[in-house]
Amino acid sequence: MITNDYLRVAEVAKEKNITTRTVRNKIKKLIGVVGDNKIIRESNEEYRIHKSIINMFEPERVHQIKYSAITIDPIFKYTVEDLKKIMDWIMELINEDEVEINYSIEQKKANGNNHLHIYTEKSVSTKFLKCAKFAIPKMSYHIAEVYDLEGWKSYMQKETDIIKLLKKNEKNEKNN
(Lines give C-alpha, C1' and ligand atoms only; values in the text may rest on other atoms or scores of the structure.)
Protein backbone atom coordinates (compact mmCIF):
# COMPACT_ATOMS: atom_id res chain seq x y z
CA MET A 1 0.00 0.00 0.00
CA ILE A 2 1.41 3.37 -1.06
CA THR A 3 0.80 6.34 1.22
CA ASN A 4 1.55 10.05 0.91
CA ASP A 5 5.08 9.32 2.13
CA TYR A 6 6.12 8.34 -1.41
CA LEU A 7 6.90 10.57 -4.38
CA ARG A 8 6.85 9.79 -8.09
CA VAL A 9 9.94 10.14 -10.26
CA ALA A 10 8.68 13.39 -11.81
CA GLU A 11 7.99 14.87 -8.37
CA VAL A 12 11.51 14.04 -7.14
CA ALA A 13 13.01 15.50 -10.34
CA LYS A 14 11.07 18.72 -9.93
CA GLU A 15 11.88 19.06 -6.23
CA LYS A 16 15.62 18.40 -6.70
CA ASN A 17 15.89 20.29 -10.00
CA ILE A 18 17.25 17.30 -11.91
CA THR A 19 15.95 15.33 -14.88
CA THR A 20 13.69 12.30 -14.58
CA ARG A 21 16.41 10.31 -16.34
CA THR A 22 18.86 11.23 -13.56
CA VAL A 23 16.30 10.14 -10.95
CA ARG A 24 15.81 6.77 -12.68
CA ASN A 25 19.58 6.24 -12.94
CA LYS A 26 19.98 6.97 -9.23
CA ILE A 27 17.14 4.57 -8.46
CA LYS A 28 19.02 1.80 -10.29
CA LYS A 29 22.09 2.50 -8.14
CA LEU A 30 20.09 2.63 -4.91
CA ILE A 31 18.01 -0.53 -5.39
CA GLY A 32 19.53 -3.11 -3.07
CA VAL A 33 21.37 -0.44 -1.06
CA VAL A 34 18.32 1.02 0.65
CA GLY A 35 15.54 -1.07 2.15
CA ASP A 36 12.93 -2.69 -0.06
CA ASN A 37 10.23 -0.41 1.24
CA LYS A 38 12.13 2.80 0.33
CA ILE A 39 11.84 2.36 -3.46
CA ILE A 40 8.75 0.65 -4.76
CA ARG A 41 8.42 -0.48 -8.37
CA GLU A 42 4.87 -0.64 -9.58
CA SER A 43 3.65 -2.96 -12.30
CA ASN A 44 3.57 -0.21 -14.93
CA GLU A 45 7.35 0.43 -14.60
CA GLU A 46 6.69 3.49 -12.41
CA TYR A 47 8.79 3.96 -9.31
CA ARG A 48 7.79 5.48 -5.98
CA ILE A 49 10.48 6.93 -3.71
CA HIS A 50 10.05 7.25 0.03
CA LYS A 51 10.50 10.79 1.38
CA SER A 52 13.11 9.59 3.89
CA ILE A 53 15.67 8.97 1.13
CA ILE A 54 14.93 12.06 -0.96
CA ASN A 55 18.25 13.61 0.11
CA MET A 56 20.04 10.87 -1.86
CA PHE A 57 18.80 12.51 -5.07
CA GLU A 58 20.77 15.73 -4.73
CA PRO A 59 22.60 16.77 -7.90
CA GLU A 60 26.10 15.28 -7.78
CA ARG A 61 27.81 18.16 -9.50
CA VAL A 62 26.85 21.68 -10.25
CA HIS A 63 28.39 23.23 -13.34
CA GLN A 64 29.61 26.71 -12.67
CA ILE A 65 30.40 28.88 -15.63
CA LYS A 66 33.69 30.68 -14.99
CA TYR A 67 34.29 32.44 -18.30
CA SER A 68 32.48 34.66 -20.77
CA ALA A 69 33.19 34.83 -24.48
CA ILE A 70 32.91 38.22 -26.13
CA THR A 71 33.17 39.11 -29.79
CA ILE A 72 33.58 42.79 -30.61
CA ASP A 73 33.07 44.00 -34.16
CA PRO A 74 34.01 47.69 -34.52
CA ILE A 75 32.04 49.66 -37.13
CA PHE A 76 35.14 51.59 -38.20
CA LYS A 77 38.25 50.03 -39.67
CA TYR A 78 40.97 49.65 -37.02
CA THR A 79 44.46 48.30 -37.60
CA VAL A 80 45.85 45.48 -35.46
CA GLU A 81 48.05 48.01 -33.64
CA ASP A 82 45.03 50.27 -32.96
CA LEU A 83 43.12 47.36 -31.45
CA LYS A 84 46.09 46.38 -29.27
CA LYS A 85 46.29 49.95 -27.94
CA ILE A 86 42.53 49.98 -27.34
CA MET A 87 42.75 46.70 -25.42
CA ASP A 88 45.58 48.15 -23.28
CA TRP A 89 43.41 51.20 -22.61
CA ILE A 90 40.39 49.07 -21.67
CA MET A 91 42.64 47.20 -19.25
CA GLU A 92 43.57 50.51 -17.62
CA LEU A 93 39.90 51.55 -17.44
CA ILE A 94 38.92 48.40 -15.56
CA ASN A 95 39.41 49.44 -11.97
CA GLU A 96 40.00 46.07 -10.34
CA ASP A 97 43.08 44.61 -8.69
CA GLU A 98 43.17 41.26 -10.46
CA VAL A 99 42.02 41.05 -14.05
CA GLU A 100 42.95 38.68 -16.83
CA ILE A 101 41.78 39.24 -20.39
CA ASN A 102 42.63 36.93 -23.27
CA TYR A 103 42.02 38.11 -26.82
CA SER A 104 42.84 37.56 -30.45
CA ILE A 105 42.45 39.87 -33.42
CA GLU A 106 40.98 38.45 -36.59
CA GLN A 107 40.20 39.95 -39.99
CA LYS A 108 36.68 39.46 -41.30
CA LYS A 109 36.46 37.87 -44.70
CA ALA A 110 33.36 39.84 -45.70
CA ASN A 111 34.72 43.38 -45.36
CA GLY A 112 38.36 43.04 -44.29
CA ASN A 113 37.78 44.82 -40.97
CA ASN A 114 39.54 43.55 -37.87
CA HIS A 115 37.49 42.34 -34.93
CA LEU A 116 38.22 40.89 -31.48
CA HIS A 117 37.51 37.56 -29.84
CA ILE A 118 37.89 37.69 -26.06
CA TYR A 119 37.44 35.47 -23.05
CA THR A 120 37.60 36.65 -19.49
CA GLU A 121 36.26 35.64 -16.12
CA LYS A 122 32.51 35.99 -15.94
CA SER A 123 32.80 38.34 -12.95
CA VAL A 124 34.81 40.81 -15.08
CA SER A 125 32.87 40.54 -18.35
CA THR A 126 30.23 43.17 -17.58
CA LYS A 127 32.81 45.72 -16.50
CA PHE A 128 34.96 44.85 -19.52
CA LEU A 129 32.04 45.39 -21.87
CA LYS A 130 31.19 48.74 -20.26
CA CYS A 131 34.80 49.91 -20.75
CA ALA A 132 34.89 48.52 -24.30
CA LYS A 133 31.76 50.52 -25.19
CA PHE A 134 33.55 53.62 -23.92
CA ALA A 135 36.75 52.82 -25.83
CA ILE A 136 35.01 51.74 -29.06
CA PRO A 137 31.75 53.71 -29.14
CA LYS A 138 30.58 52.39 -32.52
CA MET A 139 30.66 48.61 -32.36
CA SER A 140 28.50 45.54 -32.28
CA TYR A 141 29.20 42.77 -29.82
CA HIS A 142 28.09 39.36 -28.71
CA ILE A 143 28.61 37.94 -25.22
CA ALA A 144 27.99 34.34 -24.17
CA GLU A 145 28.88 31.94 -21.39
CA VAL A 146 31.78 29.62 -22.15
CA TYR A 147 30.86 25.98 -21.58
CA ASP A 148 33.88 24.64 -23.48
CA LEU A 149 36.92 26.87 -22.89
CA GLU A 150 39.27 24.77 -25.03
CA GLY A 151 36.78 24.90 -27.90
CA TRP A 152 36.55 28.70 -27.63
CA LYS A 153 40.36 29.01 -27.54
CA SER A 154 40.55 26.85 -30.65
CA TYR A 155 38.00 29.07 -32.38
CA MET A 156 39.96 32.18 -31.40
CA GLN A 157 43.07 30.68 -32.99
CA LYS A 158 41.49 29.66 -36.29
CA GLU A 159 43.34 32.39 -38.23
CA THR A 160 46.13 33.27 -35.83
CA ASP A 161 47.88 31.00 -33.37
CA ILE A 162 48.26 33.84 -30.89
CA ILE A 163 45.97 34.54 -27.95
CA LYS A 164 47.25 37.69 -26.30
CA LEU A 165 47.07 37.86 -22.51
CA LEU A 166 46.55 41.09 -20.60
CA LYS A 167 46.94 40.64 -16.87
CA LYS A 168 46.71 43.02 -13.96
CA ASN A 169 47.84 41.69 -10.59
CA GLU A 170 47.34 42.92 -7.00
CA LYS A 171 50.01 45.62 -7.38
CA ASN A 172 48.06 47.04 -10.34
CA GLU A 173 50.83 46.09 -12.75
CA LYS A 174 50.11 45.06 -16.30
CA ASN A 175 51.86 42.21 -18.12
CA ASN A 176 51.54 41.54 -21.84
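Just so we're clear, the structure is a prediction, and the values are computed from it rather than from any experiment.
A donor-acceptor pair is defined here as one N or O able to donate and one able to accept, closer than 3.5 Å; no such pair exists between the side chain of W152 and the backbone of Y147. Side chain of K122 to backbone of E145: no donor-acceptor contact under 3.5 angstrom is found. Panel note: side chain K38, backbone L30; no donor-acceptor pair is recorded below 3.5 Å. Side chain of K26 to main chain of E58: a donor-acceptor pair is present (N/O by atom type, distance under 3.5 Å, no hydrogens or angles). Judged by distance alone, with hydrogens and angles left aside, the side-chain atoms of E100 form no donor-acceptor pair with the main-chain N or O of K167 at under 3.5 Å. Side chain of S104 to backbone of M156: a donor-acceptor contact under 3.5 angstrom is found. Judged by distance alone, the side chain of K51 and the main-chain N or O of N4 form a donor-acceptor pair under 3.5 Å.
Each of V124 and I163 belongs to its own hydrophobic cluster when Ile, Leu, Val, Met, Phe, Trp and Tyr are linked at side-chain heavy-atom distances under 4.5 angstrom. Hydrophobic clustering of Ile, Leu, Val, Met, Phe, Trp and Tyr side chains at less than 4.5 Å, counting indirect connections, unites I72 with I101. A single hydrophobic cluster is seen to contain both I136 and Y103, as judged by linkage of ILVMFWY side chains at heavy-atom distances under 4.5 Å, directly or through other members. Hydrophobic clustering of Ile, Leu, Val, Met, Phe, Trp and Tyr side chains at less than 4.5 Å, counting indirect connections, keeps L116 apart from Y119. At a threshold of 4.5 Å between side-chain heavy atoms, the hydrophobic network of Ile, Leu, Val, Met, Phe, Trp and Tyr places I18 and V34 in one connected group.
H117 NE2 to D73 CG: the interatomic distance, rounded to the nearest 0.5 Å, is 9.0 Å. The CD1 atom of I40 sits 12.0 Å away from the CD atom of E46 when rounded to the nearest 0.5 Å. In this structure, Q107 CD and K77 NZ are separated by 7.0 Å, a value rounded to the nearest 0.5 Å. Taking CG from L93 and CZ from F134, the interatomic distance works out to 6.5 Å, rounded to the nearest 0.5 Å. From E159, atom CD reaches atom CD of E106 across 4.0 Å, with rounding to the nearest 0.5 Å. For the atom pair CD1 (I27) and CD1 (I53), the distance works out to 8.0 Å, reported to the nearest 0.5 Å.
Annotation for I31: atom CD1 counts as buried by contact number, over 12 foreign heavy atoms lying within 6.0 Å. Environment of CG in N55: crowded, with over 12 heavy atoms of neighbouring residues, nucleotides or ligands closer than 6.0 Å. Other residues, nucleotides and ligands place more than 12 heavy atoms under 6.0 Å from the OH atom of Y47. Atom CG of D161 sits in a sparse spot, with 12 or fewer heavy atoms from other residues, nucleotides or ligands closer than 6.0 Å. K158 NZ: more than 12 foreign heavy atoms inside a 6.0 Å radius.
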One pair to check against side-chain contact (heavy atoms from CB on, under 4.5 Å): V23 and I49. What are the steps and the verdict?
CA-CA 10 Å; V23 174; I49 299 107; 4.3 Å; yes
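Between H50 and Y6, the ring planes lie perpendicular to each other; the angle is over 60°, past the 30° to 60° tilted range.
The shortest side-chain heavy-atom distance between P74 and I86 does not fall under the 4.5 Å cut-off. At a threshold of 4.5 Å between non-hydrogen side-chain atoms, the residues S125 and I70 count as touching. Contact annotation: the side chain of K168 never approaches that of E96 to less than 4.5 Å [non-hydrogen atoms, C-beta and beyond]. The shortest distance between side-chain heavy atoms of Y141 and K133 falls below 4.5 Å. The shortest side-chain heavy-atom distance between M56 and V33 does not fall under the 4.5 Å cut-off.
For the residue pair P59 and K16, the shortest heavy atom distance occurs at CG-O, 3.8 Å. The two atoms that bring V80 and I105 nearest to each other are O-CD1, 3.7 Å, heavy atoms only.
Look at E81 and K84 and you find a salt bridge, because one of the NZ, NE, NH1 or NH2 atoms lies within 4.0 Å of a carboxylate O, short of that distance. At a threshold of 4.0 Å, the pair R48-E42 counts as salt-bridged, since one of the basic side-chain nitrogens sits closer than that to a carboxylate oxygen.
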